[in-house]
Structure formats: structure tokens, C-alpha cells
Amino acid sequence: MEENKKSLNFIEQMIEKDLEEGRHKTVVSRFPPEPNGYLHIGHAKSICLNFGLAEKYGGKCNLRFDDTDPEKEETKYVESIKDNIRWLGFDWEDREYYASDYFDQLYIWATDLIKKGKAYVDDLPADAFNKIKGTPARPGTPSPYRERSVEENLYLFSRMKEGAFEDGEKVLRAKIDLSSPNMHMRDPILYRIKHTAHHRTGSKWCIYPTYDMAHGQSDSIESITHSLCTLEFEVHRPLYEWLIENLEIYPSKQTEFARLNLSYTVVSKRSLRELVELGHVNGWDDPRMPTISGMKRRGFTPEAVKKFADTIGVARRNGLTDVAVLEHAVREDLNKKANRVFGIMNPLKVIITNWPEDKTEMLTAINNPEDPAAGTRKIPFTQEIYVDQGDFMENPPSPGKWFRLGPDREVRLKFAYIIKCTGYKKAEDGSIEELYAEYDPETKSGQDTGRKKVKGTLGWVSASYAINAEIRMYDRLFTTENMSAIKDDFKNHLNPDSLKIISNAVVEPSLKKAKVGDQVQFERIGYFRVDEDSTQDHLIFNRTVTLRDNRNK
RNA sequence: UGGCCUAUGGUGUAACUGGCAACACGUCUGAUUUUGGUUCAGAAGAGUCUAGGUUCGAGCCCUAGUAGGCCAACCA
């Protein structure tokens, strides 16, 4: 019997091999954000990877803040990062760690390296060292301070810690190899002086470990079995391993994978920050932002994001993922979950001339054809209703290509009756002002005698019961597919139509009780989410994504 | 320029690690449909960057080349 086992990605293959060969009994991974900004879709990929792997193999995934640069890090980011991970549905239980928790240990390890003659205090200013450091093609030359005695190094390093020196006056360097073709092995900095308060340790320290000094050691302290990071850290791996070896500590293993690139999207903290600060978007949680909070507000669901992460997989080659994959993931999820309702973006009044002026009939509407448990609701039908302006054409093409309204054309009003357009009124500017129609009493939804078949079905809203709503139509933020290939300023590629606000839309009365966060499908239009700006008497919907549209041919 | 990494339909990933390339998205057909949605059935589309080599046999191994990515921050 063949079971179609889903194929494994290269990391899963490595893990299963490690497990089989007894190198590890379980998986301990970690998600290590630096609390200096907000999480985005790229982080989501990493979160799903790290937590997902731990889940799959019955292991654990820690949350560890990589907070070794007090100049950039803040507590507010810590909170938002935790919120985002929780929203995605992952739980780090009590394993919330901080690299700064390990500062004491890290300091001891630094002195251990000094004692082994593997680290030294260097007085050379940054630019001076960089000058003698050489280039990838040309070896560097040693700093004049490279051969200081262990005692002197130990003394100087302790003086650094005590605050005897100014920022930048001295650094602690690993003593490795000035001629290595890997620049990270040319006596990399382990500790630097920063008289800056840290968001967690306050003013306890004025020297801080660098990423290289802190990251692998933190992994080791937490007994991380598989330390996953993005490709650009590949060149750090020899240093990662050098430190573990020379410190003789638990050998966590670093494995790199390709970061996410999304079409029509920019995913870098720097660029996203610029968009916010220059006001191109309304904050980090603007629904157009690829930040987790932005996507949440837009209407993406955790399930969709996880499904997305799952489908794109993980590999070691840099590519460009089509946003269509993300959009497909939300549609798939929302199709099952979102109730259908009627909303008219650009209302066009239709007067049903043979319907009594004061009559209201309550009709039954199905909430979600994909989910019978979602039940039904009642919607009022009256003489005057709204359909969308886009659903009428004065001179429509043949009925085979145009299923909607036109002079003498018939359509079904969903859950109601079939109507025939008997006339229309034009405004002076040529626009269509209102439509006149006649309904066929024998075509009531559910009780249709079946003598009539129409191809088109329209959504509608009773004019007397309609609720006004603001609809925010979001579209991609950029017009260029591959934003990582552009050479000019990325802001030149902004999509001027990434947000179109429709302030005079009408929606069906059942939406009166809509709450922030509710997600619906406006039939034939797309999926929408009630925005946090929404109030009791001013409903605001964000368009998450349009419906798939096959009307090309 | 020195080194490291990568190279499979339009896009993202597979190929039990040598046995004539699969899945998803997208595209196109048709059916169903009281959403031009969903669902269903089907199609087109790569011979695996190039050139050698090893082998009975290579997308998987070797060599060279080409292309792309990464590295010369007291950022992570």
C-alpha cells in the first residue's frame, strides 16, 4: 500500500535524519526577532516554519528577543511582536527569552575567550580597523593591539564594563584569521561600548555583545537543536561554529533558508518604516502594509497565512513568490467562513413599477452556501431598490456576453424575483439616473414556476432599508512585480490607486449589527472586514480581496 | 575583484537521494450553479542554465563555464 506521504523540505529531511541517527531526541527551535520594528509576512514565514517544525516533531519552539542593540530596541515592539505571534495561533508557553537575559553569562564567556588567548581588546577606531581589515580579495593586517597579554586584555575588558571608556574607544575582538576570505572571520567584534540604557537591563551595562557573540550562545544556552535563519547569515555560520567550539558549549546548528520575496510588495523593515514615516500609508497597521497587523486589519486570517506559508515551502534559492498565492489562500479560507451579504458599491436606483409602493416583503436569504450551519436571514424587498451602476449597460453586448441589465433585459434579483428593465432615466450629463423595471410575481425565489430562465443574478438592497457604508477598496501597494530588482527609489513604484474610498455605498440592513473584525463576502464583489475605524452609525469595510473573476471570455 | 550559496513549466516547490519530471498557484476549455464565486471534468505549458565527464542509465555525482544572490556595519 502506497501512502502518498507529503514530500519533505530540506530542513525536514535534515531533522528526520538527525532523529533517526540519534543526534537529537526532539526538535528545539526558536523564533528570534529583534524588537526594533513590526513583524511582516516574511517573519510570518519564519514563525510558521519554526513553530510548525516543533509542532510536527513534538518539540518546542522558544520565543527569544534578540535585544543586543539598545539604541534601536523598545518594549513597545516586544508587545506587538507577541500579539502578532499569538494572533497567528502559536504559543511559546513560558519560554519567553531575551538575549539580554544572558548578558552575565555572555560576559563570562567573553573573558573565557580572552583567557584562552582567543580575544583581545582593540583600541583602533572603527575606520582605522576597517582600513587595515583588507578586502575579500586582499588579506588584512593585524591591529597593533592584537598581541596584548591576557592580563592586560582582562583588565581592559573589565574597565570597559565599568564604564572607564567612551563609546567607540575600545572593542573586544575575537582573534581568528585576518586573511580569511570570509570577512566575518577577520577578528570580528564581540563587544562594543554603548553608554545607552537598555529596554530591559536599564543602565546595568555599558558594553553590549554583538549579534555574533550573542546569537549562537543564546541558542546554545537554550539547547536549540536547529537554529534556522535566512540566507544572508550564511557567512556568519563559520563564526557561529568557531565560538561554540572555542567556548566548548552546546553545539546548536545553524541552517539557512531563503527569505520571502513577494511580488508587488516590499518586505524590509527599512522600507516599511519609510512608508509610514513619509505618510504613504496610515501607520504600521495600514491594511495595505504587508505587516502582520496590517494583514490582520485587511482581513487576512491566521489560517490563510499559515496555509500560505505551507504552500510556498522553504528552500535555499532566492525567488519571487506571486501574491496570487497569498490571495488564493485567503479566498479559500474566507469562502468557507464568510457569510454572504448584499452590498452595493455604486448604487443605482431601480423602481419596480408594478410593485405596490408601500409593500415590504421579507425574503429568506442563505447566509453561506458553503456552510449550511450558517443558516438564513430575512431581507426586505420593496418597490425601490439599489443595484450597482456596473450592472446596467445602455447598449449591452449580446446576451451571451452580458448577463446583467440593459433595456428589455431580464435578470434575477437573488433570493427575490426576476425583473425586466422597462426603461431608464438619464441625467443631463449622460449618466444613468434611475432604472424602471417590472417584476414577475411567478418567479419568487424558491417558488419559481420554472418557466423562465435568466443567466444573470444580481445583488440588491432595498432603498428604504439600506444602510450607508464606507468601503475602503485596497489594492497592491506597488505597481512593479519584482520590487527587489528595481534600481531607483522604491517609492517611485507606489500604486496611486492602492486605496480608493467609496463613501456612498449601501449595504443590507442585517449589517446594522456588524462589529469590528466581522468578515463578510459582498456577493459577487469580494471579501470585506469591518475596520476598527468603524462606528455604530458609520460602518467601514476594508476590502480584503476581490472574488476570482472569470468573465474574461 | 576573493570566497560562499543557488540554478527544475509563467511563479513557488517535489522527484523515496542515479531508473526517462510531480504538486500548488496562475492560464485556457467544458459542465454545474439564484454569486461571471464555489465545485467538478479536462487542456496547454519544462525535458531540469550551458558544455564536457563518470555510468547500462543523471535533474540528482564530477569538472569547467554562465547567470543570480550574499559578504568588506562598533545592525540583526
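Reminder, nothing fancy here: chain letters follow the sequence lines and each chain counts from 1.
The distance from atom CD of E523(A) to atom P of U34(B) is 13 Å, rounded to the nearest whole Å. With rounding to whole Å, Y98(A) atom OH is found 17 Å from A76(B) atom P. Rounded to whole Å, atom C1' of U34(B) lies 14 Å from atom CZ of F381(A). Protein atom CZ of R138(A) is 13 Å distant from nucleotide atom P of G2(B), rounded to whole Å. Rounded to whole Å, the distance from CG on L49(A) to P on U13(B) is 12 Å. Atom P of nucleotide A24(B) and atom CG of D310(A) are separated by 14 Å, given to the nearest angstrom. Rounded to whole Å, atom C1' of C75(B) lies 14 Å from atom NE2 of H198(A). The interatomic distance linking R192(A) (CZ) with A73(B) (C1') rounds to 10 Å, in whole Å.
Glycosidic conformation at U48(B) (O4'-C1'-N9-C4 for purines, O4'-C1'-N1-C2 for pyrimidines): anti, more than 90° from 0. In textbook terms, a nucleotide whose glycosidic angle is within 90° of 0 is syn, and G47(B) is one such case.
Of the candidates U35(B), G26(B), U13(B), the closest approach to any side-chain atom of K414(A) belongs to U35(B). The side chain of I189(A) sits closest to C74(B) out of A73(B), C74(B), G12(B).
A salt bridge links R159(A) and E162(A); the closest N-O separation between the charged side-chain nitrogens and carboxylate oxygens is under 4.0 Å.
Sequence neighbours left out, the pairs with a member in residues 132-146 of chain A that pass salt bridge (charged side-chain N to carboxylate O under 4.0 Å, His left out) are R146(A)-D187(A).
A donor-acceptor distance shorter than 3.5 angstrom exists from the side chain of R186(A) to the backbone of S180(A), with no hydrogens or angles considered. Side chain of D67(A) to backbone of S100(A): a donor-acceptor contact under 3.5 angstrom is found. With E481(A) contributing its side chain and Y264(A) its backbone, the two residues share no donor-acceptor pair below 3.5 Å. Listed for the E73(A) side chain is a donor-acceptor partner under 3.5 Å among the backbone atoms of D69(A). Listed for the T265(A) side chain is a donor-acceptor partner under 3.5 Å among the backbone atoms of S263(A).
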When you check every protein heavy atom under 4.0 Å of nucleotides 59-72 of chain B, what one-letter string (B, S, -) results, 5' to 3'? ----------SSSB
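Contacts with RNA chain B (heavy atom under 4.0 Å) in residues 252-273 of chain A: none are found.
With sequence neighbours left out, the side-chain contact (heavy atoms from CB on, under 4.5 Å) criterion links E234(A) to L231(A), R237(A), E256(A), R316(A).
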Report the C-alpha separation of R404(A) and F392(A) in whole Å, then their side-chain angles, then the decisive distance to 0.1 Å, and conclude whether the side-chain contact (heavy atoms from CB on, under 4.5 Å) test is met. CA-CA 6 Å; R404(A) 298 173 249 174; F392(A) 175 81; over 6 Å; no
What verdict does the side-chain hydrogen bond (donor to acceptor under 3.5 Å, both in side chains) test give for E71(A) and Y208(A), after you've listed the backbone C-alpha separation in whole Å, the side-chain angles of each residue and the deciding distance to 0.1 Å? CA-CA 11 Å; E71(A) 285 165 10; Y208(A) 293 93; over 6 Å; no
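Side chain to side chain, T364(A) and K378(A) meet the donor-acceptor criterion of an N or O pair below 3.5 Å.
Comparing P32(A) and R317(A) along RNA chain B, the residue whose closest nucleotide (by nearest heavy atom) sits nearer the 5' end is R317(A).
Within the structure, a side-chain polar atom (N or O) of Q13(A) is placed less than 4.0 Å from OP1 or OP2 of A15(B). In this model, the phosphate group of C5(B) is not approached by any side-chain N or O of R316(A) to a distance below 4.0 Å at OP1 or OP2. An OP1 or OP2 oxygen of A22(B) is reached within less than 4.0 angstrom by no side-chain nitrogen or oxygen of S7(A). For U33(B), neither phosphate oxygen OP1 nor OP2 lies less than 4.0 angstrom from any side-chain nitrogen or oxygen of K453(A).
Annotation for E166(A): atom CD does not count as buried by contact number, only 12 or fewer foreign heavy atoms lying within 6.0 Å.
Put simply, the residue from V121(A), I193(A), V171(A) that forms a side chain to side chain contact (heavy atoms under 4.5 Å, CB included) with F165(A) is I193(A).
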Where each pair must be Watson-Crick or G-U wobble with both distances under 3.5 Å, what dot-bracket representation of RNA chain B is obtained, with crossing pairs in [ ] and other-strand partners as |? .((((((..((((.....[..)))).(((((.......))))).....(((((..]....))))))))))).....
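Using the six-membered ring where Trp is involved, Y107(A) and Y191(A) have ring planes that are perpendicular, over 60° apart on the 30 and 60° scheme.
For an aromatic pair to be called close, the ring centres must be under 6.0 Å apart, and H198(A) with F103(A) satisfies this.
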Polar atom pairs between nucleotides 37-45 of chain B and protein, under 3.5 Å, N or O only, would you list them?
unit_1: G37(B); atom_1: OP1; unit_2: N550(A); atom_2: ND2; d: 2.6
unit_1: G37(B); atom_1: N2; unit_2: E370(A); atom_2: OE2; d: 2.7
unit_1: U38(B); atom_1: OP1; unit_2: R548(A); atom_2: NH1; d: 3.3
unit_1: U38(B); atom_1: OP2; unit_2: R548(A); atom_2: NH1; d: 3.1
unit_1: U38(B); atom_1: O2'; unit_2: N335(A); atom_2: ND2; d: 3.3
unit_1: U38(B); atom_1: O2'; unit_2: E370(A); atom_2: OE1; d: 3.1
unit_1: U38(B); atom_1: O2'; unit_2: E370(A); atom_2: OE2; d: 3.3

